[in-house]
Amino acid sequence: MASLANEDFSVIDAIGGPRGVLESVLPGVVFVVLFVATRDLHLTVMVAAALAVIQVIVRLLQRQSAMGALAGVFAVAICLVWAWFSHDARNYYLPGFLVNSFWIVVLAISLIVRIPGIGALVEFVRNPVTERPRAWLAAWRDDKPLLRAYMIVTGLWIAVFAARLGVQIPMYLTNHVGWLGTARLIMGVPMFAAAIWVTWLIIATPLHRHRLAEAAAKQE
């Protein structure tokens, strides 16, 4: 999301590049395929966990940044622990439901108070607020076209998170683990990439004009 603040926005960079995509989806693919094939939850959890750890080790051996992989391991670990201790493969996906629900609530509140969450994130990356938060808010909220664009894209992301829940929760409740895993993969990186691209299309022009206005004001 932070990449939206860059002038040279790239969808590929936003989703972590080809390797980042592979590292993010591979443990999930292995989990659903192995569990459907074996119905052995403990084996599935151990293999998926080992794979996530190997990804980090490979990054470290290649002297590359392992932060993305570590974040992925942490996220996968929460899902795997939940599934392991509940003895239910479906619960691998339960933390994702909670995360999506959390962001729906946060973004909805941000729309109600007219401080759109996506806009606040982009503006914080562009210009981190360290003091005078009211002036920082006014600097971009007083730009009506920009504020309108941020409101629209915040609503878009609420729809993305809601769509995930609307499709996946019925599969969870009916214990269709294979279909749930497939839906999770399709509605993960691919949907994120599409949504962030549409987000950029909506905010690019008003954000560029806002930058020009900021530059003109500083010159004056």
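Computed from a prediction, not measured in an experiment: that's the story for all the values here. Any value given below was found using the heavy atoms of this structure, including those in side chains, with hydrogens, waters and symmetry copies removed. One is the number of the first residue; the rest follow in order along the sequence.
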List for me each residue that meets salt bridge (Lys or Arg N to Asp or Glu O under 4.0 Å) alongside R126, sequence neighbours excluded, and say none if there are none.
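Partners of R126 by the salt bridge (Lys or Arg N to Asp or Glu O under 4.0 Å) criterion, ordered by chain and then number, come out as E123, E214.
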Taking only residues two or more places apart in sequence or in another chain, which ones pass salt bridge (Lys or Arg N to Asp or Glu O under 4.0 Å) with D88?
R90
With the 4.5 Å side-chain cut-off for hydrophobic clustering, are [X] and [Y] part of the same group?
{"X": "L156", "Y": "V105", "result": "no"}
{"X": "F102", "Y": "Y93", "result": "yes"}
{"X": "L107", "Y": "V113", "result": "yes"}
{"X": "I109", "Y": "I115", "result": "no"}
{"X": "L147", "Y": "I112", "result": "no"}

Report yes if some heavy atom in the side chain of [X] is under 4.5 Å from a heavy atom in the side chain of [Y]; otherwise report no.
{"X": "V177", "Y": "N175", "value": "yes"}
{"X": "S101", "Y": "L165", "value": "yes"}
{"X": "Q168", "Y": "H176", "value": "no"}
{"X": "W200", "Y": "I203", "value": "yes"}

[atom1] ([X]) with more than 12 external heavy atoms under 6.0 Å:
{"X": "W179", "atom1": "CH2", "value": "no"}
{"X": "W84", "atom1": "CH2", "value": "yes"}
{"X": "R114", "atom1": "CZ", "value": "no"}
{"X": "R209", "atom1": "CZ", "value": "no"}
{"X": "H208", "atom1": "NE2", "value": "no"}

Between L111, I118, V153, which is the residue that forms a side chain to side chain contact (heavy atoms under 4.5 Å, CB included) with I158?
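Single pass found, and it is L111.
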Are the ring centres of F192 and W157 closer than 6.0 Å?
yes
Run the ring-centre check on F97 versus Y172 and record whether the distance is less than 6.0 Å.
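Yes: the rings meet the under 6.0 Å criterion.
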Ring geometry between W103 and F161 (parallel below 30°, tilted from 30 to 60°, perpendicular above 60°):
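It falls in the parallel class, under 30°.
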Relative to the ring of W140, is the ring of Y150 parallel (under 30°), tilted (30 to 60°) or perpendicular (over 60°)?
perpendicular
What is the minimum heavy-atom distance between [X] and [Y], and which atoms define it?
{"X": "P95", "Y": "N91", "value": "CD-O, 3.3 Å"}
{"X": "T44", "Y": "D40", "value": "OG1-O, 2.8 Å"}
{"X": "A195", "Y": "V160", "value": "CB-CG2, 3.8 Å"}
{"X": "T154", "Y": "G119", "value": "OG1-N, 4.3 Å"}
{"X": "P133", "Y": "V129", "value": "CA-CG2, 3.8 Å"}
{"X": "A139", "Y": "H210", "value": "O-CE1, 3.0 Å"}

Do any N or O atoms from the side chain of R164 and from the backbone of M187 form a donor-acceptor pair under 3.5 angstrom?
yes
From [X] atom [atom1] to [Y] atom [atom2], the distance as rounded to the nearest 0.5 Å:
{"X": "L180", "Y": "I169", "atom1": "CG", "atom2": "CD1", "answer": "10.0 Å"}
{"X": "H87", "Y": "H42", "atom1": "NE2", "atom2": "NE2", "answer": "6.0 Å"}
{"X": "M151", "Y": "K144", "atom1": "CE", "atom2": "NZ", "answer": "11.5 Å"}

Just to verify, what does L41 make a side chain to side chain contact (heavy atoms under 4.5 Å, CB included) with, not counting sequence neighbours?
F31, F35, V45, A83, A89
